[in-house]
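Here the structure comes first, spelled out in structure tokens, and everything after it is commentary.
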Amino acid sequence: MAVLSAFLSKHRNHHQHASYLTLVKGVVGMLIDPEHTESVFDIEDGLRKSDATCELLRFSTQDPGVMAMVEERYLQPVPDTDALRRLPTGTLGRAYVDHLESMGYDPDYYRKIEVKTDAEYIMMRIRQTHDIWHVVTGFDTHPLGEISVKAVELAQTHRPMAAAICAGGIFRYMMKQPDEFGDCIDTIVAGYHLGLRAKSLLSMKWEQHWAEPLEDLRRRMDVEPLGPHGGQLTVSLTPHSRSVADRWVRSEMADALARIEREDPEAAAAEPESDHDHSEHA
């Protein structure tokens, strides 16, 4: 508890302690049981006032379609599953309700957010359409399939909760299921790659397209399903996608170094280890 108290004290000017405790509760809960949905929502609610959530808003709204959704506050009531069940096989609506029923899912499962800000709208809309993203991307609900969808979200929105789940998945598979660790990495690469190539899934009013063929919508959104949950795939980025990803990584590293220099000039100015020192620890 002393370590946690020191952590909260250090960051008292950035967040409320309650938010951190909610975040910690969610992270611990997810590591214990990665399929526990409430832990996932705890992570996001704990990060709601963080700089990372500001980045979610900034990055997502670079897409004009997403910005239009934010301005409209487009949200929909719980789908009428009886009506969707009457749609022809192959349509988005029929595929969606088949997905829900095959897993015994409730379409109204997610924790609600009282939408007061643009960022809260985006989080609520992603929650509302989570299972639609599963259907459109083709990723299943196996734990690796869930990580795949989060990697798509990460590529398209920089959603902090998606980053937390991808990172948590890496840690969990390395520690608890090392024989599937490679599959975990593959699934993150596969989902991130799909997200980079596809048009913004967040910009689509999916509920207005229930009766349209799923394959037509996938082509419209440049979505090419890669497999049930992305494991054991060979995925290569296009030159354009790699360039986009590299620019983002370089920018994030530059920002991180600038923050270190502002907060601890002595650490930033410290001499790096020599190549010889690194080689001894390789």
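Index from 1, following the sequence. Atoms considered below: every heavy atom in the structure, side chains included; atoms not considered: hydrogens, waters and symmetry mates.
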Please tell me if the side chains of [X] and [Y] come closer than 4.5 Å, counting only heavy atoms from C-beta onward.
| X | Y | answer |
| --- | --- | --- |
| Glu55 | Asp51 | no |
| Cys166 | Tyr192 | no |
| Thr91 | Tyr96 | no |
| Trp133 | Leu202 | yes |
| Glu224 | Arg218 | no |
| Met123 | Thr53 | yes |
| Glu120 | Glu114 | no |
| Ile122 | Val70 | yes |

Practice problem: List for me each residue that meets ring pair (Phe, Tyr, Trp, His ring centres under 6.0 Å) alongside His130, sequence neighbours excluded, and say none if there are none. | Solution: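 Per chain and number, His130 pairs via ring pair (Phe, Tyr, Trp, His ring centres under 6.0 Å) with His134.
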
Is the side chain of [X] donor-acceptor paired with the backbone N or O of [Y] at a distance under 3.5 Å, no angle test?
| X | Y | result |
| --- | --- | --- |
| Thr129 | Ile132 | no |
| Thr157 | Glu153 | yes |
| Lys112 | Tyr110 | yes |
| Ser60 | Leu57 | no |
| Tyr121 | Tyr74 | yes |

Can you name the nearest heavy-atom pair linking [X] to [Y], along with the distance?
| X | Y | answer |
| --- | --- | --- |
| Cys184 | Leu144 | CA-CD2, 3.6 Å |
| Gly65 | Asp63 | N-OD1, 2.8 Å |
| Gly169 | Ile147 | CA-CD1, 3.9 Å |
| Pro107 | Thr81 | CG-CG2, 4.1 Å |
| Val223 | Ala198 | CG2-CB, 3.8 Å |
| Gly138 | Pro225 | CA-CB, 4.4 Å |

Rounded to the nearest 0.5 Å, what separation is found between the [atom1] atom of [X] and the [atom2] atom of [Y]?
| X | Y | atom1 | atom2 | value |
| --- | --- | --- | --- | --- |
| Asp98 | Leu84 | CG | CG | 10.0 Å |
| Leu226 | Asp186 | CG | CG | 11.0 Å |
| Asp131 | Trp206 | CG | CH2 | 13.5 Å |
| Leu154 | Met161 | CG | CE | 11.5 Å |

Exercise. Report yes or no: is the cationic atom of Lys176 (NZ for Lys, CZ for Arg) closer than 6.0 Å to the six-membered ring centre of Tyr173, at no more than 45° off its axis?
Key: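 No.
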
Quiz item: Is the CE atom of Met67 crowded by more than 12 outside heavy atoms at less than 6.0 Å?
Solution: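 Enclosed: over 12 neighbouring heavy atoms sit under 6.0 Å from CE of Met67.
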
salt_bridge([X], [Y]) N-O dist < 4.0 Å:
| X | Y | value |
| --- | --- | --- |
| Arg197 | Asp222 | no |
| Lys205 | Glu72 | yes |
| Arg73 | Asp118 | yes |

Self-check item: CA sep, side-chain torsions, deciding dist, call: Ser148, Thr187, side chain to side chain donor-acceptor pair (under 3.5 Å)
Solution: CA-CA 5 Å; Ser148 292; Thr187 204; 2.3 Å; yes

Return the set of residues passing side chain to side chain donor-acceptor pair (under 3.5 Å) with [X] (not counting sequence neighbours), or none when no residue passes.
| X | answer |
| --- | --- |
| Gln62 | none |
| Arg125 | Gln128, Glu207 |
| Asp106 | none |

Exercise. Walk me through it: do Leu75 and Met124 pass the test side-chain contact (heavy atoms from CB on, under 4.5 Å)?
Key: CA-CA 8 Å; Leu75 291 169; Met124 183 62 175; 4.1 Å; yes

Quiz item: Can you name the residues that form a side-chain contact (heavy atoms from CB on, under 4.5 Å) with Glu212, not counting sequence neighbours?
Solution: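 By the side-chain contact (heavy atoms from CB on, under 4.5 Å) rule, Glu212 matches His209, Leu217, Arg220.
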
Practice problem: Apply salt bridge (Lys or Arg N to Asp or Glu O under 4.0 Å) to Arg219 and list each qualifying residue two or more places apart in sequence or on a separate chain. | Solution: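 Salt bridge (Lys or Arg N to Asp or Glu O under 4.0 Å) list for Arg219, sorted by chain: Asp216.
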
Quiz prompt | Residues Arg94, Thr89; criterion side-chain contact (heavy atoms from CB on, under 4.5 Å); working and verdict | solution = CA-CA 6 Å; Arg94 179 63 180 275; Thr89 299; 3.6 Å; yes

Quiz prompt | Name of the residue among Thr137, Thr141, Leu194 meeting side-chain contact (heavy atoms from CB on, under 4.5 Å) with Val149 | solution =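 Only match with Val149 under side-chain contact (heavy atoms from CB on, under 4.5 Å): Thr137.
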
Exercise. Let me see the working for Gln156 and Phe59 under side-chain contact (heavy atoms from CB on, under 4.5 Å), right down to the final yes or no.
Key: CA-CA 8 Å; Gln156 294 207 339; Phe59 187 80; 5.8 Å; no

Self-check item: Worked verdict on Gln76 versus Gln208 for side-chain contact (heavy atoms from CB on, under 4.5 Å)
Solution: CA-CA 10 Å; Gln76 291 294 299; Gln208 296 183 7; 5.9 Å; no

